[in-house]
Every structure is written in C-alpha cells, then in structure tokens.
Amino acid sequence: MIKTLGKHINGYVKESVLTPLSMILEVIMEMFIPLLMASMIDDGVNRGDMSTILRIGILMFICALIGLFAGIMGGVFGAKASAGFAKNLRQAMFENIQTFSFASIDKFSTAGLVTRLTTDVTNLQNAYQMLLRMCFRAPFSLIIAMVMTFIINAKLASIYLIAIIFLIIVFAFLLKATYKYFNQVFERYDDLNSSVQENITAIRVVKAFVREDFEITKFNRAASNLYKLFVKAENAIISVSPIMMITTYGCIIAISWFGAKMIVGSELTTGELTSMLTYCMNILINLLMVAVVFVMVTMSLASAKRVSLVLNEKTDLTNPESPIYKVENGCISFNNVSFSYDKNSEKPVLDNINLNIKSGETVGIIGGTGSSKTSLVNLIGRLYDVTEGSVCVGGKDVRSYDLETLRNEVSVVLQSNVLFSGTIFDNLRWGNENATEEECIRACKLACADDFIQSFPEKYNTHIEQGGTNVSGGQKQRLCIARAILKNPKILILDDSTSAVDTATDARIRRAFKEEIPDTTKIIISQRVSSVENADKIIVLDSGKISAVGTHQELIEKSTIYNEIYTAQTSASGDFDQKGEL
C-alpha cells in the first residue's frame, strides 16, 4: 500500500524533501532558545551583566527569525507537496479507471469510485501534509528536547522518558481500536453518495411517483449510520487528549517538585529548571501535534487502503505481445463459446454457442428477458473475455487484436446509452472527433435524427444537457445510433436501441442501413419481432443457449419460442403506433 501510494509523489519530491528539512531547521532554532534563556538567567540576570543579557537577547531574536522563516517555508513546501500528491493520485486513479474492463467496473460502485476520488484523496492529502510537517517536526523536536533535558539533568529527564513510552503504548492501542471504525465510515460514505447520486439522477421519477418522503427517509438513514460510526470513532480518539494532558501536566508537577528540591540541594540552578520547564512545554506542544497526526493517520489508513485498491486494479483484458492492428472484414464466428461473469459460477451465462455471421449480413437476435442477448454481443468487441472457446472477427480471435483497433471497428449502441453535456455536434464527434459537418449530418439522416434536429432553433449547435435530459428517449437513441455510425465500423451492434422509437421510424432506420452501409455487419437485438423480421437471419436465444437460427418465415414454422413472441405481438396489433413516437 505504501509502495503504491509512494509512486505518486513524483514531480513533488523536491517539495517533499524541503518540507521536513525546513521543519528540522525550525526545531533546531527553537531548541537553542531555552539554552540561551538559561544562560541569560544564570550569567546575565543573576550577575546583573547587561551586556550579556543584550548579546544573548540578540542571539535569541536571530534564532526566532530563522525559525519563523523555516516554519513559513515548511508550510509553503508542504502545501505544494500534498496538493501535488493529491493531484497525482486523482489523475492516476481516473486514468486507471479508464482502462477497467466491464468486469473491473463491476467490482466498484459509481458512488464508491466518486468517494475515493474526492473524500479519500482529500484525507490522504491532509495526512501527507501533516506527516511531512508534523511527523518530522514533532519526533525530531521531542528527541532533541529529550537530549537537552538529559544533558541538563538526567534524573529529571527520566520523568519525560517514562511519560512518552506510556503515551506511545496508548496511541498504538487506540490506533488498532479505531481503524475498524474508520474503515466502515468510508463504506457508509459510499452508501450516502449512492443515495444522493441516485436521487438526483432519477429526480423526475421521484417526483412523478411522489416518493420524496421515501427518498428523504433513505438519505437520513444513510446519514444516521455515518453519524453513529463517526461518533464511535471520535469517542475512541478523543480519549487521547485527556490522557495526554494528564500525563504532561503530571510531568510538569513532578519536575517542579523534584526540581525545587534539587535547587535547594544545589544540584540544579534556577536557569536550568527554567530550561527544563520550557522544554516540558515544548514536549507538550509536540505531543499535541503527535495526537493530531495520530488522528489523521488513523483516518487516512482506511482511505489509503481504498485508494490503493483502485490503483492496483488491473484489467484482465490486455493486448497480446504482437497484436493485430487491422480488422479485415466484419465476419463473426462463435466457436464452442461459454461465458460466466463469475468464473466460479456453476451455471454459465452463455453455454456452448456456435455461430457464423458473414460480413455485411444483417442479423437479428431475439429472446426473452435474461436470455443473455447483451452478454453475447459484448464478447464481439471484447468487453468481456470468453470463459471457454473463442470469438473471431475478420477470421481472427478477438484476443489477438489490439483492443483499440478492435473496438474502433465494432461500434455498439447500448441499451442505456448516454449523451454528454455539449452541442449535438460535440456528442456526434464522440464517434469520430475529426468528422466534418457533412459527415455528421449524413449519419443523422441514416439514423432518422436529422428531421427533429432541424426543428431545433440552433439545429446541430443545440446544447444537450448532461445525460440528454432535454431530449426525448427516442431522440436520444437516434443520436446515439448516429454517433456509432460516424465511426464507420465494420460491425454495428444495436442493443435494443430503437425501443423508444415508433415502428415506422424503426423501419426507416433499418432501410437506410441496408441501402447506405451494405458492407457493414449489422446485429440488431430487439424484443420486437418487427425490428428483426427482415434480417438475413434471426438468432433465438433461450437461457444462454441458441434455440433456433433462421429467417423470419423459417422460425415461424420451426421455433416455438419465436412463434409465441410473434403471435403475442401481432395479435396485440404491435406495441407502437405507426404514426408517431411514444
């Protein structure tokens, strides 16, 4: 974990080194002041020597100035180092998330990743700054103060030593007790963020079903759970303060008592006792700093573990040693393919799939909910790897291709596609960032999106809100189809992506595909028979197995499942109005 996080100090090593050095210089200057004060009292005040008092006073002033400058620079360097460390962590996490396979993404919730990128990294930033400044300053100051006190009087200094050993034991015990609470706290942060994210994303649904009170109750429950855990953790940590204060002030009383006796017995001078008490206050302050560092480290340990999990997560989808950088055509073959999301699962999601699709064919996939239609097409673009068998595109195993090359040739319009904030042109160019306006317009015409875009006042420069909330479901789907077409792929997969458009528009889109992109292999997943009935072949899936393959007419005659779906839909006169969009 330390090695994982330590790599991200790069670029800020100089500041990370200068911060503790500045703190050490500040401590050295502070440690000289009590010695000079003892000399001023014993050699100047007690003897009435004004020149000695002035000389030592000037030296004390210079030490104070140097210490002040070192402290300021330590703060400046510490802020740069910790902020840079946090920036590197966030950047590394975000970049690593971009490499995640779908299987990796499934391990972390969206809210959990957001918490790690924000709250957890902020905790590590604060802890790192405290470590650079206080974790070097406080122990170094304590060591020097202890050395100075032993030089002055070893008997009195042993009181400090006993107290410090006692406090270290207490801190270690409390660290172990509170770590588990903070580990649970950040899991509750995930729940809280998830509740907020879900509510804001689905606020229209919440209001439509008048579920505000339910959502408020759910949020309050998550907030209350977080509150209870924080109280437990803070109650454990807060006990540090009274224990430390009692110990330290006990030291002051003991030193004053025994010191006074030593002065009477001429074993100690007044100046030396004053220095001992000054060092005692110095130790008190540094113990307070240690307590603060202790709290920060306790909190950050849980955060460090969570951040390290994201940084160390490696995708199981990697390029081969000598990848292929060209996909010859859009032919697809499944050879004895079995697939499971959980490799320890007894029953596979897809079982012994054998299938051949010619380049340029239009293939329909139909089946009931949970028949693994989406799982099947996810293997084509290698969003997941097969558990057994092989999937080939262009005559080559998909695992032999460069991932970026393969996915650029396999364009997928998912069930729940997302539009991003920006203009329509901005969204379309996600498919091809160098696409011209003419190419964008052509793609939209193929997807039957041009008509509604032209009705907007700003046409293709119309601003799309985040998630596409200012366009209808059917309009969003057609924009996503146009975005996929702009990639000029060899394989185009429509995963139930015309479900929100009427059957007439659906038919126009399919006709445009047949006429304008005949060489592109088109795979259409649909719950609607009308969307696939004109396909070159239709695949009927049932519980992860191929039940039947054939044309519409062939399946009517030989497939019971297909016949039942067709009969159910045609007897109800279809599920969409021919004249318009729902």
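Computed from heavy atoms alone, side chains included, the values below leave out hydrogens, waters and symmetry copies.
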Please work out whether the ring planes of Phe420 and Trp430 are parallel, tilted or perpendicular, with thresholds of 30° and 60°. parallel
Please verify the inter-ring angle class for Phe339 with Tyr341; under 30° counts as parallel, over 60° as perpendicular, anything in between as tilted. perpendicular
Under a 4.5 Å cut-off applied to non-hydrogen side-chain atoms, are [X] and [Y] in contact?
{"X": "Glu437", "Y": "Phe425", "value": "yes"}
{"X": "Lys490", "Y": "Val410", "value": "no"}
{"X": "Ile324", "Y": "Asp402", "value": "no"}
{"X": "Ile491", "Y": "Glu409", "value": "no"}
{"X": "Leu113", "Y": "Ile97", "value": "yes"}
{"X": "Leu494", "Y": "Lys522", "value": "no"}
{"X": "Asn88", "Y": "Tyr12", "value": "yes"}
{"X": "Leu555", "Y": "Asn563", "value": "no"}

Would you say [X] has more than 12 foreign heavy atoms packed within less than 6.0 Å of its [atom1]?
{"X": "Gln98", "atom1": "CD", "answer": "yes"}
{"X": "Lys218", "atom1": "NZ", "answer": "yes"}
{"X": "Glu212", "atom1": "CD", "answer": "yes"}

Check against side-chain contact (heavy atoms from CB on, under 4.5 Å), Leu350 and Lys545: CA-CA 6 Å; Leu350 292 168; Lys545 296 181 179 181; over 6 Å; no
[X] and [Y]: side chain donor to acceptor below 3.5 Å:
{"X": "Ser303", "Y": "Asn123", "result": "yes"}
{"X": "Tyr401", "Y": "Lys326", "result": "no"}
{"X": "Asn352", "Y": "Ser338", "result": "no"}
{"X": "Asn427", "Y": "Tyr460", "result": "no"}
{"X": "Ser530", "Y": "Arg510", "result": "no"}
{"X": "Asn335", "Y": "Ser390", "result": "yes"}
{"X": "Ser371", "Y": "Asp542", "result": "no"}

Any side-chain to backbone donor/acceptor pair from [X] onto [Y]? Under 3.5 Å, distance only.
{"X": "Arg478", "Y": "Cys448", "result": "yes"}
{"X": "Arg90", "Y": "Leu117", "result": "yes"}
{"X": "Asn10", "Y": "Lys7", "result": "yes"}
{"X": "Asn354", "Y": "Asn336", "result": "yes"}
{"X": "Thr567", "Y": "Glu564", "result": "no"}

Check this for me, if you would: do Glu439 and Arg442 make a salt bridge, where the nitrogen-to-carboxylate-oxygen distance has to be below 4.0 angstrom? no
Do the side chains of Asp426 and Arg429 get close enough for a salt bridge, i.e. N-O under 4.0 angstrom? no
Audit row: Ile366, Val529, side-chain contact (heavy atoms from CB on, under 4.5 Å) steps and yes/no: CA-CA 8 Å; Ile366 198 165; Val529 171; 3.8 Å; yes
Test side-chain contact (heavy atoms from CB on, under 4.5 Å) on Ile380 and Val398 and set out the steps. CA-CA 7 Å; Ile380 298 172; Val398 293; 5.7 Å; no
Is there a salt bridge (Lys or Arg N to Asp or Glu O under 4.0 Å) between Lys358 and Glu361 once you walk through the steps? CA-CA 6 Å; Lys358 296 177 182 177; Glu361 273 192 322; 5.3 Å; no
Evaluate Leu428 against Cys444 for side-chain contact (heavy atoms from CB on, under 4.5 Å), listing each step before the verdict. CA-CA 9 Å; Leu428 292 172; Cys444 286; 3.5 Å; yes
